[in-house]
Amino acid sequence: MTPSHDLELDVVQTSPKSRVATIVSAFGAVREREYGSSAIVQLAIQLINTALIAVAIVLLSEILARGTMVDVVDYMTASSRPGLVAVSIVFLILAFADAIIGKAYQSTLLVAPLALLPAFFSGQKQLFLSDPLFPSDLLFGRQILQLLPAMVAAEPMKAVALAIGGLVAVAAFVALIWRSRKVFPRLNLTGRGVRAALAIPLLAGFASLMDPMTFSALRDRLNIVPMMWDQKENYRHNGFLLAFAFNVPMANVAAPDGYSKVAITDMQTDLLPASFFSGRQADVIVVMSESLWDPTRMSSIRYSADPMPTIRASQSGHVFSPEFGGMTANVEFEALTGFSNAFLPYGSIPYQQYIRRPVPSLATFFESKGYVTKAFHPFQGWFWNRNNVYQSLGFRQFHSEETMPAMDKRGIFASDDALTSYIIKEADNTDEPFFFFAVTLQGHGPYERNRYAKNTIGVDAPTLSEHNVSALETYTQGVKEADQSLKDLMDWAKKRRRETIIVLFGDHLPPLNEVYTESGYMANVVATRKASVETMKREHETPLVVWSSKRGVQKDIGSVSPSQLPYYIVRMAGYRHPYYTGMLGRVAERYAVIDRHQLIGRNNKAQADWALSGRIDPLIRDYRLLQHDVMFGEGYGMDRFFPEQSGRLQPSS
């Protein structure tokens, strides 16, 4: 049958063996022109080819994201997995893009990189930080570029190979785009219209499934389950592309169940006003030490000397970090505000996503008591958005690399010794009581061989490879220098007339990678997110020192979340506060660790998956509601719980 001119949906006036036929046949597709000139048949063949391309994209994205073929075939074929849904969505996106571009298959050159590159980065991220790629990680691109010199120094040959491979890939992609103009079959208006008519309503229907906060009967029937509380399972079950899409709406934080003005105003506060307690006017210095951890916890390794004698002698307990190997800003957020990442969407970065208005912090509290408040970090101020965040948190000054004098370096990072000397100088030049918050940089990974002129602590590690022994020696030398810097700070404080409180803690375990597995310390190169209390503490605890120049070490704090630190700091300074010693104090009496997967009580017993149990402790419920009220809500409890916030102006952009 010869079709009429009206049915010529896809006009392809080329030789019988067109170049596009050769290309698609390489993927096992059927040659378009072998079936004659029927426009309907050509359309059907092109859609089949597009479907095969969609299968290939989803299959490759899963292999790259998972780093293995395990589970991939099951994901793609089993009715209990949403792999076929992911293929359908990619197919519709390809068809719609072809309709816009006007050529069959050319959308592959745009869609495939957008799907495969994030999947590759997700697989790589899981090797080092345990979590998959989240949309919020795209905000971290500039930070990664700034850290490239350290990465290159640690793995120069791998870096060169990746750079060459990247350049070749870009050149090949540009050449392919250029040559594809004459390769792919042109579509006429009718062919484009058919694709658009097919894709638009179905894509709109799928888009309605992508909000993880609303119930969808269709999504439930398709067995697509947004598991925002367990992102590893979310990505495993739904696949990389769907799970990544589910995380896009997390920038909009929904109010927890029960949030209302009545719920906030009914919360208990201290009977006595905070102003009743005048405190001791002690100076306070809080140091968050980059990747500070006790390497002697790896019992299979011997050291020629203790790398952290000062910290060990003055240790108050441990900080239970919600992160591993990175994401310093999330730990910092908790330590400064007393708020918890456990109440925020999994994978979010509050510093970059949520702090857009004045937020109460230790800085605003101490400034309300007449303190000078300064933050210090010897790196660029835009990193983790600190320029804006510190202003929102109420710091009077932020001293960053741009405003500090040139400092001695360890590798490419400013030394702890230089930062400590700078803090002491600033303190000596400040007459009023002060609250200083410093974030060190020297301990940042990766741990290249020649960062230090000489490693003064020997490492006996027969189970480690030569490369990993070198990395551990570099890291251990950094711990020793961090310990010496603390000693210098404490020795200086002991000579001062005014009491000085020093708090030091590590933000997370260092990214030592195979050192953990080769030493037998951990089963994987990254920490687990859900495990027994013993395992979680083993893989998330960092040293904590809370010390006063007049009263010595505060002992037996135990293992606590960073969000609990404001309670101990404010209390040791001799103050009472409706939130920092009131709300947080009540939480601290009952719970040591507030983690999104489990609550760990003072009795060391855990409540796993507490947020899903349906029986949330009213104390934790109030804690969560008040945090939402202050960060995202109407501020019903601001005057009662944070009276120092009264009158604070919106920071300029």
Side-chain angles (χ1 to χ4, degrees), residues 51-78 80-94 107-141 144 151 158 162 165-166 169 173 206 209-210 212 219 222-250 323-327 345-349 511 513 523-530:
L52 292 174
I53 293 170
V55 170
I57 289 174
V58 174
L59 179 65
L60 287 173
S61 71
E62 290 305 312
I63 294 172
L64 291 171
R66 298 170 192 257
T68 176
M69 280 294 296
V70 175
D71 238 10
V72 172
V73 174
D74 190 27
Y75 170 78
M76 296 291 295
T77 59
S80 60
R81 300 284 180 86
L84 295 178
V85 176
V87 170
S88 300
I89 293 175
V90 173
F91 166 75
L92 293 171
I93 291 173
L94 290 169
S107 60
T108 305
L109 299 181
L110 302 176
V111 175
L114 291 176
L116 299 182
L117 284 176
F120 169 76
F121 290 132
S122 183
Q124 294 302 301
K125 180 187 175 188
Q126 290 180 88
L127 292 177
F128 299 99
L129 298 177
S130 80
D131 281 329
L133 189 76
F134 301 115
S136 57
D137 291 326
L138 302 180
L139 301 170
F140 192 48
I144 293 175
M151 298 176 185
K158 184 183 292 186
L162 287 174
F173 181 72
F206 279 122
L209 308 180
M210 289 298 103
R219 187 175 64 203
L222 294 172
N223 198 32
I224 301 173
V225 185
M227 305 177 191
M228 313 311 286
W229 60 90
D230 186 349
Q231 290 288 1
K232 278 195 171 183
E233 182 62 18
N234 187 29
Y235 278 70
R236 188 196 70 82
H237 176 83
N238 296 307
F240 171 77
L241 297 176
L242 289 179
F244 188 85
F246 283 139
N247 280 288
V248 171
M250 71 183 177
E323 303 294 345
F324 175 88
M327 304 301 287
Y346 198 147
S348 59
I349 307 173
N513 305 322
N524 300 298
V525 297
V526 294
T528 48
R529 294 294 187 183
K530 295 178 67 175

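The first residue of the sequence shown is numbered 1, and numbering continues consecutively from there.
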Asker: Is there a side-chain contact between Arg66 and Arg236, using heavy atoms and a 4.5 Å cut-off?
Answerer: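 Touching, per the 4.5 Å side-chain cut-off.
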
Asker: To check you understand the geometry: which heavy-atom pair defines the closest contact between Val87 and Ala54, and what is its length?
Answerer: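 Scanning both residues, the minimum pair turns out to be O-CB, 3.7 Å.
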
Asker: In the structure I gave you, are the side-chain heavy atoms of Val85 and Ile224 within less than 4.5 Å of one another anywhere?
Answerer: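 Val85 vs Ile224: side chains touch.
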
Asker: Should the pair Phe134 and Tyr235 be assigned to parallel (<30°), tilted (30 to 60°) or perpendicular (>60°) ring geometry?
Answerer: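 Plane angle over 60°, so perpendicular.
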
Asker: Answer whether the closest heavy-atom distance between the side chains of Tyr75 and Pro82 falls below 4.5 Å.
Answerer: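 Yes, side chains in contact.
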
Asker: Hey, could you give me the OG/CD1 distance between Ser88 and Ile93, rounded to the nearest 0.5 Å?
Answerer: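 Between atom OG of Ser88 and atom CD1 of Ile93 there are 11.0 Å.
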
Asker: Side-chain contact, heavy-atom cut-off 4.5 Å: Phe240 with Pro118?
Answerer: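 Yes - at least one pair of side-chain heavy atoms lies under 4.5 Å apart.
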
Asker: Given side-chain contact (heavy atoms from CB on, under 4.5 Å), test Met327 with Ile349 step by step and report yes or no.
Answerer: CA-CA 8 Å; Met327 304 301 287; Ile349 307 173; 3.6 Å; yes

Asker: Report the distance from atom CG of Leu59 to atom CE of Met69, rounding to the nearest 0.5 Å.
Answerer: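 One finds 6.0 Å between CG of Leu59 and CE of Met69.
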
Asker: Would the distance check show the side chain of Glu62 and the main-chain N or O of Gly239 forming a donor-acceptor pair, the cut-off being under 3.5 Å?
Answerer: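 Absent.
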
Asker: Distance check, rounded to the nearest 0.5 Å: Leu242 atom CG versus Phe246 atom CZ?
Answerer: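 It comes to 5.5 Å.
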
Asker: Could you tell me whether a side-chain N or O of His237 sits under 3.5 Å from a main-chain N or O of Ala243, the two making a donor and an acceptor?
Answerer: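 Checked: no pair found.
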
Asker: Starting at CD1 of Ile57, measure out to OG1 of Thr108 and round the result to the nearest 0.5 Å.
Answerer: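 Reported value, rounded in 0.5 Å steps: 5.5 Å.
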
Asker: Kindly compute the distance separating CG (Asn238) from CG (Asn223), expressed to the nearest 0.5 Å.
Answerer: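 Rounded to the nearest 0.5 Å, the CG-CG separation comes out at 8.5 Å.
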
Asker: Check each of Val72, Thr68, Val58 against Ile63 using the side-chain contact (heavy atoms from CB on, under 4.5 Å) test, and report the only one that passes.
Answerer: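 In the set Val72, Thr68, Val58, the residue that makes a side-chain contact (heavy atoms from CB on, under 4.5 Å) with Ile63 is Val72.
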
Asker: Rounded to the nearest 0.5 Å, how far does CD1 of Ile53 lie from OG of Ser107?
Answerer: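 Reported value, rounded in 0.5 Å steps: 7.0 Å.
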
Asker: For residues Phe324 and Val526, report the shortest heavy-atom separation together with the two atoms involved.
Answerer: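 In terms of heavy atoms, the two residues are closest at CE2-CA, 3.5 Å.
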
